[in-house]
Student: 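Got a structure for you, questions after.
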Amino acid sequence: ATQAPAGYLALLNPAAVVFAVLSSAWFKEDTLTAGKIAGCVLGFVGLSLVVQLGPVEPSFSVLLGAGAAILGTLFYGATAPFQKRATRRLAPLAIVGPMHLAATALILPFGLWELPRARFTPHGVAMIVMLGAVTSGLAYWAHLRIMRHVTPVAAVTPIFFVPVFGVAWSYLFLDEPVSVGTFAGGALVLLAAAMVTGFNPLRRKAAELPPP
């Protein structure tokens, strides 16, 4: 039961894909099809198997965390078509730089508030640099470079795999157990991503064949 809230929050995070599908269709950056809607539903089914959801008590802290997660995914998904439009006018690095400077300015007051209680260690500082420079800065730069060549929905779809990789790394590095449901859920997530992006290797192979 103590792990259930984390599982629910992990499942809420990929809701950004749903918001990206709806927002991109609304702003004419992509089309809304039955396959994409079915892919979103299938993705949540697969993720529920991956994170092994169980019963959870709807306490205030759980509801607050879920609300914050939904709000974050709303902004991330709903702004996907605007990011696509920005990449047509600006270089990805010119977008990422000001975004991270603005994020730094927003969280700096909270950091200064907690500074008297902070304990700086080489390991902790290295982890912060890794999170900020690599998994955020470089990753978002690569994300926007990809978005220049694909639809906003296709660029956001990899967020489906965040809980999948989280479970995989936990198994590899922390020896946490996995089950048949974990693998089945991962397979459903792969299928859901293909449905949302419209990826069909059979159709592409058929298109490359010479005419009879």
Student: For Thr31 and Lys36: C-alpha separation, side-chain torsions, deciding distance, then whether side chain to side chain contact (heavy atoms under 4.5 Å, CB included) applies.
Tutor: CA-CA 9 Å; Thr31 56; Lys36 291 177 182 178; 3.7 Å; yes

Student: Quick one: are Thr121 and Val125 in side-chain contact, heavy atoms under 4.5 Å?
Tutor: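 Heavy-atom side-chain distance check fails, nothing below 4.5 Å.
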
Student: Between NE2 of His143 and CD1 of Ile95, what distance do you get to the nearest 0.5 Å?
Tutor: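 Result: 9.5 Å between the selected atoms.
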
Student: Nearest 0.5 angstrom please: Leu42 CG to Leu190 CG, how far?
Tutor: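 The CG atom of Leu190 is 10.5 Å from CG of Leu42, to the nearest 0.5 Å.
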
Student: Using a side-chain heavy atom cutoff under 4.5 Å and only I, L, V, M, F, W and Y, what cluster partners does Val41 have?
Tutor: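 Other cluster members: none.
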
Student: Can you check whether Phe120 reaches Leu115 side chain to side chain, under 4.5 Å on heavy atoms?
Tutor: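 Counting from C-beta outward, Phe120 and Leu115 do come under 4.5 Å.
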
Student: Taking Lys84 for the side chain and Ser24 for the main chain, is one N or O donor matched with an acceptor at less than 3.5 Å?
Tutor: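 Flag not set: sc Lys84 to bb Ser24 has no pair under 3.5 Å.
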
Student: Leu49 and Met195: same hydrophobic cluster, using ILVMFWY side-chain contacts below 4.5 Å?
Tutor: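 Both belong to a single hydrophobic cluster.
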
Student: Could you please spell out the steps behind the side chain to side chain contact (heavy atoms under 4.5 Å, CB included) verdict for Glu29 and Arg85?
Tutor: CA-CA 9 Å; Glu29 290 292 343; Arg85 295 178 181 180; 2.9 Å; yes

Student: Other hydrophobic cluster members with Phe82, side-chain heavy atoms of Ile/Leu/Val/Met/Phe/Trp/Tyr under 4.5 Å, chained?
Tutor: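 Under the 4.5 Å side-chain rule, Phe82 groups with Trp26, Phe27.
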
Student: Tell me the closest heavy-atom pair linking Leu93 and Pro98, and the distance in Å.
Tutor: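 In this case the closest contact between Leu93 and Pro98 is O-CD, 4.4 Å.
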
Student: If Ile, Leu, Val, Met, Phe, Trp and Tyr residues are connected whenever their side-chain heavy atoms lie under 4.5 Å apart, and connections chain through other members, are Trp113 and Leu106 in the same group?
Tutor: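 Different clusters: Trp113 never reaches Leu106 through Ile, Leu, Val, Met, Phe, Trp or Tyr contacts under 4.5 Å.
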
Student: With no hydrogens and no angle check, is any side-chain donor or acceptor of Thr182 less than 3.5 Å from a backbone partner on Ser179?
Tutor: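 The answer is yes, because a donor-acceptor pair under 3.5 Å joins these two groups.
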
Student: Which heavy atom of Thr197 sits nearest to which heavy atom of Ala193, and what is that distance?
Tutor: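 Where Thr197 meets Ala193 most closely, the heavy atoms are OG1-O, 2.8 Å.
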
Student: Any pair with a residue in residues 144-191 that passes ring-ring contact (aromatic ring centres under 6.0 Å, His included), sequence neighbours left out, goes on the list, sorted by first then second residue, please.
Tutor: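 Pairs touching residues 144-191 that pass the test: Phe165-Trp169.
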
Student: Check residues 65-78 and write down every donor-acceptor pair under 3.5 Å in which the side-chain atom is one partner and the other belongs to a residue at least two apart or another chain.
Tutor:
| from | atom 1 | to | atom 2 | distance (Å) |
| --- | --- | --- | --- | --- |
| Thr73 | OG1 | Ala69 | O | 3.2 |
| Thr73 | OG1 | Ile70 | O | 2.8 |

Student: Measuring from Leu112:CG to Ile107:CD1, what's the distance to the nearest 0.5 Å?
Tutor: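 Nearest 0.5 Å value for the CG-CD1 distance: 10.5 Å.
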
Student: Can you see which heavy atom on Gly39 is nearest to which on Ala192, and at what distance?
Tutor: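 Minimum heavy-atom separation between Gly39 and Ala192: O-CB, 3.1 Å.
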
Student: Which pair of non-hydrogen atoms, one from Ala80 and one from Met147, has the smallest distance, and what is that distance?
Tutor: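 Of all heavy-atom pairs spanning Ala80 and Met147, the closest is O-SD, 3.8 Å.
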
Student: Arg117: which residues meet the salt bridge (charged side-chain N to carboxylate O under 4.0 Å, His left out) condition with it, sequence neighbours left out?
Tutor: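 Counting only residues at least two positions away or on another chain, Arg117 forms a salt bridge (charged side-chain N to carboxylate O under 4.0 Å, His left out) with Glu114.
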
Student: Show me, pair by pair, the donor-acceptor contacts under 3.5 angstrom made by side chains of residues 131-140, not counting sequence neighbours?
Tutor:
| from | atom 1 | to | atom 2 | distance (Å) |
| --- | --- | --- | --- | --- |
| Thr135 | OG1 | Leu131 | O | 2.8 |
| Ser136 | OG | His100 | NE2 | 2.9 |
| Tyr140 | OH | Gln83 | NE2 | 3.0 |

Student: Just wondering, do Val17 and Ile159 contact through their side chains at under 4.5 Å, heavy atoms?
Tutor: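 The answer is yes, as the side chains (C-beta and beyond) meet within the 4.5 Å cut-off.
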
Student: Other residues, nucleotides and ligands only: do more than 12 of their heavy atoms fall within 6.0 Å of CE on Met130?
Tutor: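 Counting neighbours around CE of Met130, 12 or fewer heavy atoms of other residues, nucleotides or ligands fall under 6.0 Å, so no.
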
Student: On a heavy-atom basis, which atom in Ala25 and which in Leu32 lie closest, and how many Å separate them?
Tutor: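 Looking at all heavy atoms of both residues, the shortest contact is CB-CB, 3.7 Å.
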
Student: Can you tell me if CZ on Arg89 sees more than 12 non-hydrogen neighbours from other groups inside 6.0 Å?
Tutor: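 No - once you tally the heavy atoms of other residues, nucleotides and ligands closer than 6.0 Å, there are 12 at most.
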
Student: Among Val156, Asp30, Val196, exactly one meets side-chain contact (heavy atoms from CB on, under 4.5 Å) together with Val21. Which residue is that?
Tutor: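 Of the listed residues Val156, Asp30, Val196, the side-chain contact (heavy atoms from CB on, under 4.5 Å) partner of Val21 is Val196.
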
Student: Could you state whether Leu144 and Val150 fall into the same hydrophobic cluster, counting links through intermediate Ile, Leu, Val, Met, Phe, Trp or Tyr residues with side-chain heavy atoms under 4.5 angstrom apart?
Tutor: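 Different hydrophobic clusters.
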
